[in-house]
Amino acid sequence: MSSTRTFNPNQLRDYSYLFSRSAVKEWMNGNLSSIDFKIKRYDENWYSKTKKTYIDYLKFVYSVLEKQYQNEYILKNSFLNDWLIKEMGESNSELYSEFRIGSAIADLVMFNGTSRAFEIKTELDSDKRLDSQLNQYRKVFNEIFLIVPVSKIKEYETYDSSIGIICFDILSPKRFQIVRSATRTKDIDAEALMHIFHTSEYKEIVTHYYGQLPEVTSFNQFEVCKGLIAKIPQNELNQLFINKMKSRAGNYELSARNYREFNQLSLALRMNMKNRKQLFSILKAPLNV
Amino acid sequence: MYYPLLRARQFELITIRELVSENAIQGVVTPIFEPVKETHNNLDIAFDIFQQGTQSAYLILNPDIGEIPGDGTHYLNYLISKQPGTYLPAFRYRSNGEYIRQAIENGNLENCMIICQNDVDANSIDFTQLAELRQVTAFNVEDPGRNRRLRRYLNSLQKTFIRLDDPFEKQIRNSDFLTIPEHLFSEEHLYFDTEDDFDGFSDYTVLASEFIEGGSTPRAVVIHLTYLQDQDEIWIRHFTSDTNDSIANVQGKFAEAAEKAVSFCRANGLSNAALEELFDHFDEQHYPGLGTVKKISMKNHILVVAGYLSGR
(Lines give C-alpha, C1' and ligand atoms only; values in the text may rest on other atoms or scores of the structure.)
Protein backbone atom coordinates (compact mmCIF):
# COMPACT_ATOMS: atom_id res chain seq x y z
CA MET A 1 0.00 0.00 0.00
CA SER A 2 1.61 3.24 -1.11
CA SER A 3 2.21 5.80 1.59
CA THR A 4 1.25 8.61 -0.78
CA ARG A 5 -2.19 7.25 -1.44
CA THR A 6 -4.90 9.74 -0.49
CA PHE A 7 -7.98 8.50 1.31
CA ASN A 8 -11.35 10.11 1.23
CA PRO A 9 -12.56 11.80 4.43
CA ASN A 10 -15.46 9.40 4.98
CA GLN A 11 -13.20 6.42 4.83
CA LEU A 12 -10.80 8.05 7.28
CA ARG A 13 -13.64 8.83 9.66
CA ASP A 14 -14.82 5.26 9.30
CA TYR A 15 -11.31 3.97 10.05
CA SER A 16 -11.06 6.19 13.13
CA TYR A 17 -13.94 4.30 14.73
CA LEU A 18 -11.58 1.36 15.16
CA PHE A 19 -9.73 3.31 17.82
CA SER A 20 -12.77 3.97 19.98
CA ARG A 21 -13.59 2.58 23.39
CA SER A 22 -16.71 0.79 22.19
CA ALA A 23 -14.84 -1.00 19.40
CA VAL A 24 -12.11 -2.18 21.75
CA LYS A 25 -14.62 -3.39 24.32
CA GLU A 26 -16.14 -5.60 21.60
CA TRP A 27 -12.73 -7.01 20.70
CA MET A 28 -12.07 -7.83 24.34
CA ASN A 29 -15.21 -9.98 24.18
CA GLY A 30 -13.77 -11.78 21.17
CA ASN A 31 -15.96 -10.01 18.64
CA LEU A 32 -13.75 -8.72 15.82
CA SER A 33 -16.54 -8.09 13.33
CA SER A 34 -15.99 -4.31 13.41
CA ILE A 35 -12.55 -4.91 11.91
CA ASP A 36 -13.89 -7.46 9.42
CA PHE A 37 -16.41 -4.88 8.18
CA LYS A 38 -13.70 -2.31 7.43
CA ILE A 39 -11.58 -4.85 5.61
CA LYS A 40 -14.51 -6.00 3.47
CA ARG A 41 -15.54 -2.44 2.74
CA TYR A 42 -12.12 -0.96 1.94
CA ASP A 43 -9.26 -3.36 2.03
CA GLU A 44 -9.99 -6.74 0.50
CA ASN A 45 -6.92 -6.39 -1.68
CA TRP A 46 -4.73 -5.62 1.30
CA TYR A 47 -5.99 -8.79 2.90
CA SER A 48 -5.55 -11.06 -0.08
CA LYS A 49 -2.01 -9.84 -0.70
CA THR A 50 -0.70 -10.22 2.78
CA LYS A 51 -2.54 -12.84 4.90
CA LYS A 52 -1.67 -11.15 8.12
CA THR A 53 -3.15 -10.71 11.58
CA TYR A 54 -5.73 -8.30 12.94
CA ILE A 55 -3.03 -6.37 14.69
CA ASP A 56 -1.13 -5.88 11.42
CA TYR A 57 -4.27 -4.46 9.87
CA LEU A 58 -4.89 -2.09 12.80
CA LYS A 59 -1.30 -0.87 12.61
CA PHE A 60 -1.83 -0.18 8.92
CA VAL A 61 -5.04 1.78 9.64
CA TYR A 62 -3.29 3.71 12.39
CA SER A 63 -0.47 4.69 10.06
CA VAL A 64 -2.99 5.99 7.53
CA LEU A 65 -4.81 8.00 10.18
CA GLU A 66 -1.57 9.34 11.58
CA LYS A 67 -0.70 10.85 8.20
CA GLN A 68 -4.11 11.96 7.05
CA TYR A 69 -6.62 12.24 9.88
CA GLN A 70 -5.22 13.67 13.06
CA ASN A 71 -8.21 13.39 15.33
CA GLU A 72 -8.00 13.57 19.08
CA TYR A 73 -7.11 9.90 19.44
CA ILE A 74 -4.09 10.18 17.16
CA LEU A 75 -2.92 13.37 18.84
CA LYS A 76 -3.28 12.06 22.35
CA ASN A 77 -1.59 8.83 21.47
CA SER A 78 1.29 10.60 19.73
CA PHE A 79 1.72 12.93 22.68
CA LEU A 80 1.78 9.96 25.03
CA ASN A 81 4.37 8.14 22.93
CA ASP A 82 6.57 11.10 22.04
CA TRP A 83 6.49 12.95 25.31
CA LEU A 84 4.74 11.57 28.38
CA ILE A 85 6.03 8.01 28.29
CA LYS A 86 9.59 9.32 28.15
CA GLU A 87 8.92 11.51 31.12
CA MET A 88 7.26 8.67 32.99
CA GLY A 89 10.35 6.53 32.60
CA GLU A 90 12.27 9.04 34.66
CA SER A 91 10.04 9.09 37.70
CA ASN A 92 7.27 7.39 39.52
CA SER A 93 4.34 8.95 37.66
CA GLU A 94 0.65 8.40 37.21
CA LEU A 95 -1.25 9.31 34.06
CA TYR A 96 -4.96 9.71 33.45
CA SER A 97 -6.90 10.20 30.26
CA GLU A 98 -10.10 12.28 30.56
CA PHE A 99 -9.78 13.41 34.14
CA ARG A 100 -12.86 15.13 35.51
CA ILE A 101 -12.55 18.40 37.46
CA GLY A 102 -15.88 20.01 38.23
CA SER A 103 -17.74 20.52 34.98
CA ALA A 104 -14.62 20.08 32.84
CA ILE A 105 -12.66 17.05 31.68
CA ALA A 106 -8.93 17.42 31.10
CA ASP A 107 -7.66 15.40 28.11
CA LEU A 108 -4.55 14.10 29.87
CA VAL A 109 -3.21 14.67 33.36
CA MET A 110 0.04 13.59 34.94
CA PHE A 111 1.12 13.33 38.55
CA ASN A 112 4.75 12.91 39.51
CA GLY A 113 6.48 15.47 41.75
CA THR A 114 3.93 17.93 40.50
CA SER A 115 0.48 17.87 38.91
CA ARG A 116 -0.04 18.81 35.28
CA ALA A 117 -3.08 19.06 33.04
CA PHE A 118 -2.90 18.92 29.23
CA GLU A 119 -5.71 20.24 27.07
CA ILE A 120 -5.64 19.34 23.39
CA LYS A 121 -7.18 21.68 20.82
CA THR A 122 -7.04 20.29 17.28
CA GLU A 123 -7.73 22.28 14.12
CA LEU A 124 -11.31 21.16 14.41
CA ASP A 125 -11.86 22.29 18.00
CA SER A 126 -13.21 25.68 18.96
CA ASP A 127 -11.93 27.62 21.97
CA LYS A 128 -15.46 28.32 23.15
CA ARG A 129 -15.21 26.44 26.44
CA LEU A 130 -11.53 27.03 27.02
CA ASP A 131 -11.87 29.84 29.58
CA SER A 132 -14.14 27.84 31.83
CA GLN A 133 -12.01 24.70 31.40
CA LEU A 134 -8.87 26.58 32.42
CA ASN A 135 -10.68 28.03 35.43
CA GLN A 136 -11.45 24.52 36.63
CA TYR A 137 -7.92 23.19 36.01
CA ARG A 138 -6.34 26.11 37.89
CA LYS A 139 -8.15 25.03 41.04
CA VAL A 140 -6.09 21.88 41.50
CA PHE A 141 -3.23 21.62 38.99
CA ASN A 142 0.24 23.08 39.45
CA GLU A 143 0.86 23.46 35.73
CA ILE A 144 -1.47 23.64 32.76
CA PHE A 145 -0.51 23.12 29.11
CA LEU A 146 -2.39 23.67 25.91
CA ILE A 147 -1.48 21.45 22.99
CA VAL A 148 -2.32 23.29 19.76
CA PRO A 149 -1.46 23.06 16.06
CA VAL A 150 1.35 25.30 14.79
CA SER A 151 -1.16 27.37 12.83
CA LYS A 152 -3.02 28.31 16.00
CA ILE A 153 -0.18 29.35 18.30
CA LYS A 154 -0.84 33.06 17.89
CA GLU A 155 -4.49 32.64 18.74
CA TYR A 156 -3.85 30.74 21.96
CA GLU A 157 -0.90 32.84 23.12
CA THR A 158 -3.34 35.56 24.09
CA TYR A 159 -4.78 33.37 26.86
CA ASP A 160 -3.48 33.66 30.43
CA SER A 161 0.31 33.87 30.17
CA SER A 162 0.76 31.36 32.99
CA ILE A 163 -0.57 28.57 30.74
CA GLY A 164 2.12 26.61 28.91
CA ILE A 165 1.83 26.02 25.17
CA ILE A 166 3.03 22.97 23.28
CA CYS A 167 2.63 23.03 19.53
CA PHE A 168 2.32 20.01 17.33
CA ASP A 169 3.17 19.37 13.75
CA ILE A 170 2.58 15.70 13.25
CA LEU A 171 4.45 15.60 9.95
CA SER A 172 7.66 17.14 11.22
CA PRO A 173 10.37 14.93 12.79
CA LYS A 174 10.01 16.60 16.18
CA ARG A 175 6.27 16.51 16.41
CA PHE A 176 5.70 18.28 19.73
CA GLN A 177 7.64 21.32 20.81
CA ILE A 178 7.31 23.55 23.80
CA VAL A 179 6.49 27.13 22.79
CA ARG A 180 6.03 28.56 26.24
CA SER A 181 6.55 27.02 29.68
CA ALA A 182 3.80 26.94 32.24
CA THR A 183 4.09 28.98 35.41
CA ARG A 184 3.97 26.77 38.46
CA THR A 185 1.41 27.52 41.16
CA LYS A 186 0.53 25.66 44.30
CA ASP A 187 -2.83 27.27 44.99
CA ILE A 188 -5.24 24.48 45.56
CA ASP A 189 -9.00 24.62 46.10
CA ALA A 190 -10.25 22.24 48.80
CA GLU A 191 -13.82 22.28 47.53
CA ALA A 192 -12.70 21.22 44.04
CA LEU A 193 -10.50 18.50 45.56
CA MET A 194 -13.43 17.06 47.49
CA HIS A 195 -15.17 16.38 44.19
CA ILE A 196 -12.15 14.50 42.88
CA PHE A 197 -11.51 12.33 45.93
CA HIS A 198 -13.37 9.12 46.64
CA THR A 199 -14.94 8.87 50.09
CA SER A 200 -12.17 6.62 51.41
CA GLU A 201 -9.52 8.98 50.01
CA TYR A 202 -10.73 12.13 51.77
CA LYS A 203 -11.17 10.20 55.01
CA GLU A 204 -7.62 8.84 54.69
CA ILE A 205 -6.21 12.32 54.12
CA VAL A 206 -7.94 13.69 57.23
CA THR A 207 -6.84 10.70 59.29
CA HIS A 208 -3.29 10.97 57.99
CA TYR A 209 -2.96 14.71 58.56
CA TYR A 210 -4.83 15.09 61.85
CA GLY A 211 -3.94 11.70 63.33
CA GLN A 212 -7.57 10.64 63.52
CA LEU A 213 -10.95 11.01 61.89
CA PRO A 214 -13.42 12.99 64.05
CA GLU A 215 -16.73 11.40 64.82
CA VAL A 216 -18.84 11.69 61.68
CA THR A 217 -21.98 10.10 60.26
CA SER A 218 -22.33 9.13 56.64
CA PHE A 219 -24.55 12.20 56.20
CA ASN A 220 -22.05 14.82 57.43
CA GLN A 221 -18.63 13.25 56.73
CA PHE A 222 -18.28 15.13 53.43
CA GLU A 223 -18.82 18.57 54.98
CA VAL A 224 -16.74 17.83 58.08
CA CYS A 225 -13.80 16.49 56.07
CA LYS A 226 -14.05 19.36 53.59
CA GLY A 227 -13.70 21.86 56.45
CA LEU A 228 -10.66 20.06 57.83
CA ILE A 229 -9.00 19.62 54.45
CA ALA A 230 -9.45 23.32 53.69
CA LYS A 231 -7.32 24.08 56.77
CA ILE A 232 -4.31 22.06 55.60
CA PRO A 233 -1.55 24.43 54.35
CA GLN A 234 -1.56 24.63 50.53
CA ASN A 235 1.90 23.18 50.07
CA GLU A 236 1.11 20.09 52.08
CA LEU A 237 -2.35 19.71 50.60
CA ASN A 238 -0.85 19.80 47.12
CA GLN A 239 1.51 16.99 48.04
CA LEU A 240 -1.25 14.95 49.69
CA PHE A 241 -3.38 15.33 46.55
CA ILE A 242 -0.55 14.23 44.27
CA ASN A 243 0.26 11.24 46.46
CA LYS A 244 -3.37 10.18 46.55
CA MET A 245 -3.72 10.33 42.78
CA LYS A 246 -0.49 8.37 42.39
CA SER A 247 -1.75 5.73 44.80
CA ARG A 248 -4.69 5.03 42.47
CA ALA A 249 -2.06 3.63 40.10
CA GLY A 250 -3.33 0.93 37.81
CA ASN A 251 -0.08 -0.79 36.86
CA TYR A 252 -0.48 0.10 33.19
CA GLU A 253 2.02 -1.22 30.76
CA LEU A 254 2.36 1.65 28.35
CA SER A 255 5.17 1.23 25.90
CA ALA A 256 6.66 3.57 23.33
CA ARG A 257 7.88 0.58 21.36
CA ASN A 258 5.41 -2.28 21.49
CA TYR A 259 1.87 -1.72 20.27
CA ARG A 260 2.44 2.01 20.54
CA GLU A 261 -0.73 2.55 18.50
CA PHE A 262 -2.84 1.41 21.46
CA ASN A 263 -1.35 3.29 24.41
CA GLN A 264 -4.10 5.87 24.63
CA LEU A 265 -6.76 3.16 24.56
CA SER A 266 -5.01 1.25 27.33
CA LEU A 267 -5.00 4.39 29.40
CA ALA A 268 -8.59 5.42 28.62
CA LEU A 269 -9.91 1.95 29.45
CA ARG A 270 -7.60 1.68 32.50
CA MET A 271 -6.27 -1.63 31.20
CA ASN A 272 -3.78 -3.45 33.36
CA MET A 273 -1.01 -5.66 32.04
CA LYS A 274 -3.27 -8.69 31.99
CA ASN A 275 -6.05 -6.95 30.01
CA ARG A 276 -3.52 -5.60 27.56
CA LYS A 277 -1.96 -9.02 27.02
CA GLN A 278 -5.39 -10.53 26.58
CA LEU A 279 -6.37 -7.90 24.00
CA PHE A 280 -3.22 -8.42 21.96
CA SER A 281 -3.54 -12.18 22.07
CA ILE A 282 -7.04 -11.81 20.58
CA LEU A 283 -5.78 -9.39 17.93
CA LYS A 284 -2.88 -11.63 16.96
CA ALA A 285 -5.32 -14.01 15.30
CA PRO A 286 -4.89 -14.32 11.52
CA LEU A 287 -7.41 -12.25 9.56
CA ASN A 288 -10.49 -14.26 8.92
CA VAL A 289 -12.62 -12.38 6.43
CA MET B 1 -52.54 -11.97 41.82
CA TYR B 2 -49.70 -9.49 41.26
CA TYR B 3 -46.70 -10.68 39.23
CA PRO B 4 -43.83 -8.17 39.58
CA LEU B 5 -41.26 -8.77 36.83
CA LEU B 6 -37.75 -8.31 38.21
CA ARG B 7 -34.21 -9.03 37.13
CA ALA B 8 -32.80 -11.76 39.36
CA ARG B 9 -30.05 -9.50 40.68
CA GLN B 10 -28.89 -9.34 44.27
CA PHE B 11 -31.15 -6.60 45.58
CA GLU B 12 -34.23 -7.72 43.67
CA LEU B 13 -33.86 -11.18 45.24
CA ILE B 14 -33.19 -9.72 48.69
CA THR B 15 -36.39 -7.67 48.35
CA ILE B 16 -38.52 -10.73 47.71
CA ARG B 17 -36.64 -12.83 50.29
CA GLU B 18 -37.43 -10.28 52.99
CA LEU B 19 -41.07 -10.05 51.96
CA VAL B 20 -41.42 -13.84 52.07
CA SER B 21 -39.67 -14.06 55.45
CA GLU B 22 -42.04 -11.42 56.77
CA ASN B 23 -44.95 -13.46 55.39
CA ALA B 24 -46.16 -10.33 53.60
CA ILE B 25 -46.90 -11.48 50.06
CA GLN B 26 -47.84 -15.16 50.13
CA GLY B 27 -51.11 -15.77 48.33
CA VAL B 28 -51.26 -12.41 46.53
CA VAL B 29 -47.87 -11.93 44.84
CA THR B 30 -45.94 -14.27 42.53
CA PRO B 31 -42.69 -12.70 41.33
CA ILE B 32 -41.21 -13.39 37.91
CA PHE B 33 -37.41 -13.34 37.77
CA GLU B 34 -35.34 -12.81 34.66
CA PRO B 35 -31.85 -14.11 35.46
CA VAL B 36 -29.00 -11.91 34.22
CA LYS B 37 -26.02 -13.62 35.84
CA GLU B 38 -24.43 -16.89 34.87
CA THR B 39 -23.89 -17.89 38.50
CA HIS B 40 -26.78 -19.07 40.66
CA ASN B 41 -25.64 -18.04 44.18
CA ASN B 42 -28.33 -15.42 44.76
CA LEU B 43 -31.03 -17.64 43.27
CA ASP B 44 -29.90 -20.48 45.54
CA ILE B 45 -30.17 -18.39 48.72
CA ALA B 46 -33.62 -17.17 47.66
CA PHE B 47 -34.77 -20.69 46.76
CA ASP B 48 -34.33 -22.00 50.32
CA ILE B 49 -36.24 -19.08 51.81
CA PHE B 50 -39.02 -19.32 49.24
CA GLN B 51 -39.33 -23.05 49.83
CA GLN B 52 -39.61 -22.59 53.60
CA GLY B 53 -42.09 -19.76 53.17
CA THR B 54 -44.18 -21.68 50.62
CA GLN B 55 -43.72 -18.98 48.03
CA SER B 56 -43.33 -19.79 44.36
CA ALA B 57 -41.68 -17.60 41.74
CA TYR B 58 -41.38 -17.86 37.97
CA LEU B 59 -37.90 -18.07 36.49
CA ILE B 60 -37.44 -17.05 32.86
CA LEU B 61 -35.39 -19.81 31.24
CA ASN B 62 -34.53 -17.95 28.03
CA PRO B 63 -33.89 -14.37 29.19
CA ASP B 64 -33.64 -11.50 26.70
CA ILE B 65 -30.72 -9.89 28.50
CA GLY B 66 -27.75 -10.45 30.79
CA GLU B 67 -24.79 -12.80 30.65
CA ILE B 68 -26.52 -15.75 28.96
CA PRO B 69 -29.39 -14.41 26.87
CA GLY B 70 -31.41 -16.38 24.34
CA ASP B 71 -32.79 -19.87 23.89
CA GLY B 72 -30.34 -22.05 25.78
CA THR B 73 -30.27 -24.75 28.43
CA HIS B 74 -28.28 -23.06 31.20
CA TYR B 75 -31.23 -21.93 33.33
CA LEU B 76 -33.35 -24.92 32.30
CA ASN B 77 -30.73 -27.24 33.77
CA TYR B 78 -30.66 -25.14 36.91
CA LEU B 79 -34.43 -25.31 37.30
CA ILE B 80 -34.42 -29.09 36.81
CA SER B 81 -31.77 -29.42 39.53
CA LYS B 82 -34.16 -27.94 42.10
CA GLN B 83 -37.12 -29.58 43.76
CA PRO B 84 -40.21 -28.73 41.72
CA GLY B 85 -42.86 -26.25 42.83
CA THR B 86 -40.79 -23.33 44.09
CA TYR B 87 -39.21 -22.02 40.89
CA LEU B 88 -41.74 -22.32 38.07
CA PRO B 89 -40.71 -22.26 34.41
CA ALA B 90 -41.37 -19.16 32.30
CA PHE B 91 -40.37 -18.54 28.69
CA ARG B 92 -40.09 -15.47 26.55
CA TYR B 93 -41.93 -16.16 23.29
CA ARG B 94 -40.34 -14.74 20.14
CA SER B 95 -41.56 -17.13 17.40
CA ASN B 96 -39.52 -19.84 19.15
CA GLY B 97 -42.36 -22.28 19.86
CA GLU B 98 -40.25 -25.22 18.76
CA TYR B 99 -37.49 -24.40 21.28
CA ILE B 100 -39.98 -23.96 24.11
CA ARG B 101 -41.85 -27.20 23.30
CA GLN B 102 -38.53 -29.07 23.26
CA ALA B 103 -37.49 -27.55 26.60
CA ILE B 104 -40.83 -28.47 28.18
CA GLU B 105 -40.51 -32.03 26.90
CA ASN B 106 -36.83 -32.49 27.78
CA GLY B 107 -37.21 -30.94 31.21
CA ASN B 108 -40.50 -32.65 31.95
CA LEU B 109 -41.84 -29.23 32.93
CA GLU B 110 -45.29 -28.40 34.29
CA ASN B 111 -47.11 -25.10 35.01
CA CYS B 112 -45.23 -23.05 32.43
CA MET B 113 -45.77 -19.35 31.77
CA ILE B 114 -45.38 -17.81 28.31
CA ILE B 115 -44.39 -14.13 28.27
CA CYS B 116 -44.95 -12.32 24.99
CA GLN B 117 -45.44 -8.98 23.31
CA ASN B 118 -48.81 -8.09 21.87
CA ASP B 119 -47.53 -8.57 18.30
CA VAL B 120 -48.01 -12.34 18.42
CA ASP B 121 -50.10 -13.74 15.56
CA ALA B 122 -52.85 -15.77 17.22
CA ASN B 123 -53.27 -17.75 13.98
CA SER B 124 -49.67 -18.90 13.76
CA ILE B 125 -49.25 -22.63 14.24
CA ASP B 126 -45.95 -22.06 16.03
CA PHE B 127 -47.83 -20.15 18.73
CA THR B 128 -51.06 -22.17 18.95
CA GLN B 129 -49.27 -25.52 19.19
CA LEU B 130 -47.40 -24.13 22.18
CA ALA B 131 -50.33 -22.32 23.76
CA GLU B 132 -52.54 -25.38 23.72
CA LEU B 133 -50.01 -27.66 25.42
CA ARG B 134 -51.35 -28.97 28.72
CA GLN B 135 -48.10 -27.95 30.45
CA VAL B 136 -48.58 -24.29 29.51
CA THR B 137 -50.89 -22.78 32.09
CA ALA B 138 -50.25 -19.03 32.09
CA PHE B 139 -49.76 -16.17 29.63
CA ASN B 140 -48.27 -12.80 30.39
CA VAL B 141 -48.83 -10.30 27.57
CA GLU B 142 -47.50 -6.78 27.35
CA ASP B 143 -50.23 -4.23 26.67
CA PRO B 144 -52.74 -6.88 25.45
CA GLY B 145 -55.44 -4.36 24.52
CA ARG B 146 -53.69 -3.76 21.23
CA ASN B 147 -54.22 -7.26 19.84
CA ARG B 148 -57.89 -8.21 20.11
CA ARG B 149 -57.52 -11.45 18.19
CA LEU B 150 -54.78 -12.64 20.55
CA ARG B 151 -56.79 -11.62 23.56
CA ARG B 152 -59.90 -13.45 22.34
CA TYR B 153 -57.84 -16.53 21.57
CA LEU B 154 -56.10 -16.60 24.97
CA ASN B 155 -59.40 -16.04 26.79
CA SER B 156 -60.84 -19.03 24.95
CA LEU B 157 -58.07 -21.27 26.31
CA GLN B 158 -59.31 -20.83 29.88
CA LYS B 159 -55.77 -20.49 31.25
CA THR B 160 -54.27 -17.84 33.53
CA PHE B 161 -54.05 -14.59 31.56
CA ILE B 162 -51.94 -11.73 32.94
CA ARG B 163 -51.42 -8.25 31.56
CA LEU B 164 -48.02 -6.59 31.71
CA ASP B 165 -47.79 -2.80 31.93
CA ASP B 166 -44.77 -0.53 32.23
CA PRO B 167 -46.06 2.44 34.23
CA PHE B 168 -42.67 3.74 35.39
CA GLU B 169 -41.67 6.79 33.38
CA LYS B 170 -37.91 6.82 33.33
CA GLN B 171 -36.22 10.20 32.93
CA ILE B 172 -33.04 10.85 30.97
CA ARG B 173 -31.27 12.04 34.11
CA ASN B 174 -32.13 11.16 37.69
CA SER B 175 -32.10 14.87 38.52
CA ASP B 176 -35.00 15.37 36.09
CA PHE B 177 -37.26 13.83 38.76
CA LEU B 178 -36.73 17.00 40.83
CA THR B 179 -39.35 18.85 38.82
CA ILE B 180 -41.91 16.04 38.81
CA PRO B 181 -44.49 16.22 41.58
CA GLU B 182 -46.59 13.28 42.68
CA HIS B 183 -48.63 11.62 39.96
CA LEU B 184 -50.88 8.64 39.28
CA PHE B 185 -48.83 5.45 38.88
CA SER B 186 -51.23 2.57 38.40
CA GLU B 187 -54.85 1.44 38.67
CA GLU B 188 -54.39 -2.15 37.49
CA HIS B 189 -54.84 -3.53 41.00
CA LEU B 190 -58.35 -2.03 41.03
CA TYR B 191 -59.64 -3.23 37.68
CA PHE B 192 -57.56 -6.13 36.32
CA ASP B 193 -60.14 -8.77 37.26
CA THR B 194 -63.40 -6.91 37.89
CA GLU B 195 -63.50 -4.81 34.71
CA ASP B 196 -60.77 -6.13 32.45
CA ASP B 197 -61.20 -9.86 33.00
CA PHE B 198 -57.55 -10.70 33.62
CA ASP B 199 -56.34 -13.20 36.21
CA GLY B 200 -53.45 -11.02 37.26
CA PHE B 201 -51.26 -8.06 36.40
CA SER B 202 -47.54 -7.51 36.01
CA ASP B 203 -45.20 -4.53 36.06
CA TYR B 204 -41.54 -3.77 36.76
CA THR B 205 -42.38 -2.22 40.18
CA VAL B 206 -40.76 1.21 40.41
CA LEU B 207 -37.80 0.24 38.21
CA ALA B 208 -37.25 1.05 34.56
CA SER B 209 -38.07 -1.88 32.26
CA GLU B 210 -34.92 -1.23 30.27
CA PHE B 211 -31.96 -3.31 31.44
CA ILE B 212 -28.66 -1.57 32.08
CA GLU B 213 -25.64 -3.65 33.00
CA GLY B 214 -23.83 -2.38 36.06
CA GLY B 215 -24.31 1.34 36.50
CA SER B 216 -22.20 4.33 37.37
CA THR B 217 -22.27 6.66 40.34
CA PRO B 218 -25.34 8.86 39.92
CA ARG B 219 -25.37 12.64 40.06
CA ALA B 220 -28.72 12.55 41.83
CA VAL B 221 -30.21 10.08 44.31
CA VAL B 222 -33.94 9.41 43.97
CA ILE B 223 -36.19 7.45 46.29
CA HIS B 224 -39.35 6.44 44.40
CA LEU B 225 -42.23 5.80 46.78
CA THR B 226 -45.71 4.63 45.84
CA TYR B 227 -48.73 4.86 48.13
CA LEU B 228 -52.50 4.49 48.01
CA GLN B 229 -54.50 7.67 47.41
CA ASP B 230 -58.08 8.20 48.63
CA GLN B 231 -59.66 6.31 45.74
CA ASP B 232 -57.20 3.44 46.22
CA GLU B 233 -55.31 4.49 43.13
CA ILE B 234 -51.55 3.99 43.43
CA TRP B 235 -49.65 7.28 43.21
CA ILE B 236 -45.92 7.82 43.13
CA ARG B 237 -43.61 10.49 44.50
CA HIS B 238 -39.97 10.94 43.53
CA PHE B 239 -37.86 12.22 46.39
CA THR B 240 -34.76 13.64 44.72
CA SER B 241 -31.53 15.09 46.08
CA ASP B 242 -30.83 18.79 45.45
CA THR B 243 -27.06 19.01 45.02
CA ASN B 244 -26.74 17.19 41.72
CA ASP B 245 -23.84 19.00 40.07
CA SER B 246 -21.21 16.28 40.55
CA ILE B 247 -20.91 12.62 41.48
CA ALA B 248 -19.23 13.42 44.82
CA ASN B 249 -20.87 12.84 48.19
CA VAL B 250 -23.52 10.26 47.33
CA GLN B 251 -24.12 9.91 51.09
CA GLY B 252 -25.06 13.58 51.34
CA LYS B 253 -27.39 13.22 48.34
CA PHE B 254 -29.08 10.29 50.03
CA ALA B 255 -29.49 12.41 53.17
CA GLU B 256 -31.26 15.12 51.13
CA ALA B 257 -33.59 12.68 49.36
CA ALA B 258 -34.29 10.70 52.53
CA GLU B 259 -35.15 13.84 54.49
CA LYS B 260 -37.84 14.72 51.96
CA ALA B 261 -39.17 11.16 51.87
CA VAL B 262 -39.23 10.69 55.63
CA SER B 263 -40.96 14.03 56.28
CA PHE B 264 -43.60 13.25 53.66
CA CYS B 265 -44.30 9.75 54.99
CA ARG B 266 -44.43 10.88 58.60
CA ALA B 267 -46.68 13.84 57.80
CA ASN B 268 -49.05 11.53 55.93
CA GLY B 269 -48.96 8.65 58.37
CA LEU B 270 -47.43 6.22 55.85
CA SER B 271 -45.68 3.22 57.30
CA ASN B 272 -44.68 -0.35 56.45
CA ALA B 273 -41.59 -2.54 56.84
CA ALA B 274 -39.78 -0.86 53.93
CA LEU B 275 -40.52 2.68 55.11
CA GLU B 276 -39.53 1.80 58.69
CA GLU B 277 -36.15 0.72 57.38
CA LEU B 278 -35.81 4.06 55.59
CA PHE B 279 -36.79 5.93 58.78
CA ASP B 280 -34.13 4.01 60.74
CA HIS B 281 -31.35 4.82 58.26
CA PHE B 282 -32.38 8.47 58.28
CA ASP B 283 -32.66 8.76 62.06
CA GLU B 284 -29.26 7.12 62.51
CA GLN B 285 -27.78 9.30 59.73
CA HIS B 286 -26.62 6.16 58.02
CA TYR B 287 -26.18 5.76 54.27
CA PRO B 288 -27.06 2.14 53.43
CA GLY B 289 -25.84 2.08 49.80
CA LEU B 290 -27.71 2.48 46.54
CA GLY B 291 -28.72 -1.19 46.38
CA THR B 292 -30.63 -0.81 49.62
CA VAL B 293 -32.23 2.43 48.41
CA LYS B 294 -33.52 0.49 45.39
CA LYS B 295 -34.63 -2.36 47.63
CA ILE B 296 -36.63 0.00 49.85
CA SER B 297 -38.42 1.50 46.82
CA MET B 298 -39.27 -1.92 45.34
CA LYS B 299 -40.28 -3.41 48.66
CA ASN B 300 -42.52 -0.49 49.50
CA HIS B 301 -44.31 -0.80 46.15
CA ILE B 302 -44.89 -4.54 46.48
CA LEU B 303 -46.15 -4.02 50.03
CA VAL B 304 -48.58 -1.35 48.82
CA VAL B 305 -49.98 -3.68 46.15
CA ALA B 306 -49.99 -6.77 48.40
CA GLY B 307 -51.66 -4.81 51.20
CA TYR B 308 -54.43 -3.73 48.85
CA LEU B 309 -54.95 -7.19 47.30
CA SER B 310 -55.05 -9.06 50.60
CA GLY B 311 -57.40 -6.52 52.14
CA ARG B 312 -60.12 -6.49 49.51
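Order of the sequence lines fixes the chain letters, A, B, ..., with proteins taken first and strands second; residue numbering starts at 1 for each chain.
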request  = Spell out the residues in residues 234-251 of chain B that have some non-hydrogen atom less than 4.5 Å away from a non-hydrogen atom of chain A, in order of number; otherwise answer 'none'.
outcome  = B/S246, B/A248, B/N249, B/Q251

Neighbour count above 12 (heavy atom, 6.0 Å) for B/E169 CD = no

request  = Look at atom OH of A/Y210 and say whether more than 12 heavy atoms of other residues, nucleotides or ligands are closer to it than 6.0 Å.
outcome  = yes

task = Please say whether more than 12 non-hydrogen atoms of neighbouring residues, nucleotides or ligands are located less than 6.0 Å from CZ in B/R266.
result = yes

task = Can you check whether anything in residues 270-283 of chain B gets within less than 4.5 Å of chain A, heavy-atom wise, and list it by number?
result = B/H281, B/F282

note = Taking every heavy atom of B/Y287 against every heavy atom of A/F219, the minimum-distance pair comes out as N-CE1, 4.0 Å

key: Atom CD of B/Q171: over 12 foreign heavy atoms under 6.0 Å   = yes

ask   = Is the CZ atom of A/R184 crowded by more than 12 outside heavy atoms at less than 6.0 Å?
value = yes

